[in-house]
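Report on the structure given below.
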2 protein chains.
Amino acid sequence: MNDAHFDIDVGARLRDLRLKQGLSQRALAKRAGVSNATVSMVEANRVSPSVSGLRQILAGIPISLGEFFAGPPGDREQVVFRADELKEIAGGPISFRQVGANLEGRALQMIHERYRPGAESGKAMLSHQGEEAGLVIRGRMLLEVAGIRHELGPGDAYFFDSRKPHAFRNIGEGELELVSACTPPSF
Amino acid sequence: MNDAHFDIDVGARLRDLRLKQGLSQRALAKRAGVSNATVSMVEANRVSPSVSGLRQILAGIPISLGEFFAGPPGDREQVVFRADELKEIAGGPISFRQVGANLEGRALQMIHERYRPGAESGKAMLSHQGEEAGLVIRGRMLLEVAGIRHELGPGDAYFFDSRKPHAFRNIGEGELELVSACTPPSF
DNA sequence: TAAGAGTGTTCTTTATATTGAACACATGAA
DNA sequence: TTCATGTGTTCAATATAAAGAACACTCTTA
């Protein structure tokens with residue numbers, strides 16, 4: 001019934017986080033205001049805690065539900081990606097070169113973007129929620145977010161909620177180069 | 001006891017997502033394999049669903065728990081940050097200039113980093129989990145992750161799990177310039 | 001040994017989430 | 001109107017999570 005959506009192991013993850021903080025079940029329980037039995041049960045996956053209960057427990061770490069479920073990407077290995085091995089994920093007048101090949105299960109996506117003069121990348125209203133940011137390295141760019149246009153040059157940056165409709169365009173004479181990041185990965 | 005950790009409104013968020021998909025409570029319930037009453041209760045915040053129960057419901061959207069809780073950071077406004085208004089968050093031989101001033105409740109952090117020759121930034125084992133990535137713009141950098149050293153030049157990039165111990169150093173003759181991003185924000 | 005303090009686990013009761021059916025209210029068709 | 005089908009909500013029964021106390025175990029210290 002379920003897709004392969006990383007079935008995060010709540011118990012293991014909680015235990016992992018707790019131990020990283022050097023806390024015993026009782027110590028965490030006390031900080032969080034729950035019983036030690038609850039912590040034990042949850043860690044052993046003998047129960048599936050209520051969201052409010054889990055939030056309560058996580059308050060003792062402390063960590064938010066978002067961070068908790070942002071989850072362990074598993075151990076992916078490659079750390080360094082050479083300039084020529086960034087994965088090209090767009091063609092034509094726009095070059096999107098992604099850091100890392102397979103982002104399945106990851107929380108972050110970074111892209112080295114290049115736009116030929118006049119090139120533009122418009123994304124309509126995106127249902128997927130998240131955040132994105134970028135910093136211009138070279139060239140001039142026109143950024144439109146939620147109907148408002150902004151002109152950015154080298155060193156300028158942006159940060160917005162991905163759900164807002166947005167579009168990018170190179171309005172300079174030369175190439176536009178920028179580094180962007182978004183979470184969660186959008187494609 | 002709690003920090004201002006955005007107390008996400010589970011009910012409102014679920015309803016919002018469901019409506020965005022154009023589903024009725026019953027339609028979603030059927031796809032998810034739960035009762036319509038459950039959907040109603042959860043949306044009205046009359047109960048705090050179990051994690052397993054919520055996952056079940058979200059499978060009908062479909063969306064993962066991570067995405068669900070990555071959550072709406074509320075409407076923050078400033079979209080564009082000029083080069084000279086990036087917030088300096090480190091001093092001395094290292095310059096960290098952050099995109100956006102207040103990242104409270106946000107999921108993403110982007111930093112424009114500059115290192116003088118020889119400067120280094122070592123972070124020991126970081127308890128906070130997450131991911132980080134970066135791309136070198138100028139100069140040569142030595143990156144050490146989990147005991148392994150890598151040398152990177154312009155255009156090269158990295159991507160790793162923040163929990164692994166890591167350190168950065170400028171090993172070039174000139175300035176090292178890079179753009180990094182991490183999720184969740186680490187400081 | 002024994003006693004004490006620490007660990008995580010297991011028990012029984014209590015609180016709460018979830019179900020399936022009934023409910024109340026809309027809209028559109030005969 | 002009357003019926004049919006849609007919506008979201010509420011109710012009583014059942015399944016499950018949470019609490020508090022007891023348990024079993026490992027240490028350290030006397």
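Proteins come first, then strands; the chains are lettered A, B, ... in the order of their sequence lines, and each starts at number 1.
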Across the strands shown, which category fits [X] at heavy-atom distances under 4.0 angstrom: base, sugar-phosphate, nothing?
| X | result |
| --- | --- |
| B/Ser40 | base |
| A/Val47 | sugar-phosphate |
| B/Val39 | nothing |
| B/Thr38 | base |

What is the distance from [atom1] of [X] to [atom2] of [N], rounded to the nearest Å?
| X | N | atom1 | atom2 | answer |
| --- | --- | --- | --- | --- |
| A/Arg15 | C/dG8 | CZ | C1' | 8 Å |
| A/Arg26 | D/dA21 | CZ | C1' | 10 Å |
| B/Gln56 | C/dA17 | CD | P | 17 Å |
| B/Asn45 | D/dT9 | CG | P | 11 Å |
| A/Lys30 | C/dG8 | NZ | P | 15 Å |
| A/Leu28 | C/dG8 | CG | C1' | 13 Å |
| B/Ile57 | C/dA17 | CD1 | C1' | 10 Å |

Query raised in the report: Is the count of non-hydrogen atoms from other residues, nucleotides or ligands lying under 6.0 Å from B/Arg114 atom CZ greater than 12?
Result: yes
[X] has a side chain; which of [options] sits nearest to it?
| X | options | result |
| --- | --- | --- |
| B/Asn36 | D/dT9, C/dT10, C/dT19 | D/dT9 |
| A/Ser50 | C/dT19, C/dG8, D/dA17 | D/dA17 |
| B/Ser35 | D/dG8, C/dA17, C/dT19 | C/dT19 |
| A/Gln25 | C/dT9, C/dT18, C/dT10 | C/dT9 |
| A/Met41 | D/dA17, C/dC11, C/dT9 | C/dC11 |

Report summary line: Assert: residue with more 5' nearest nucleotide on DNA chain C, out of B/Arg46 and A/Leu23, is A/Leu23
Query raised in the report: How are the rings of B/Phe96 and B/Tyr115 set to each other: parallel, tilted or perpendicular (split at 30° and 60°)?
Result: perpendicular
Requested in this report: Look at A/Glu173 together with A/Arg140 and state whether they make a salt bridge at an N to O cut-off of under 4.0 Å.
Outcome: no
Query raised in the report: Does the side chain of B/Glu120 come within less than 4.5 Å of B/Asn170's, by heavy atoms?
Result: no
Query - Closest heavy-atom pair and its distance - A/Ser180, A/Leu178 - result: CB-CD1, 4.0 Å
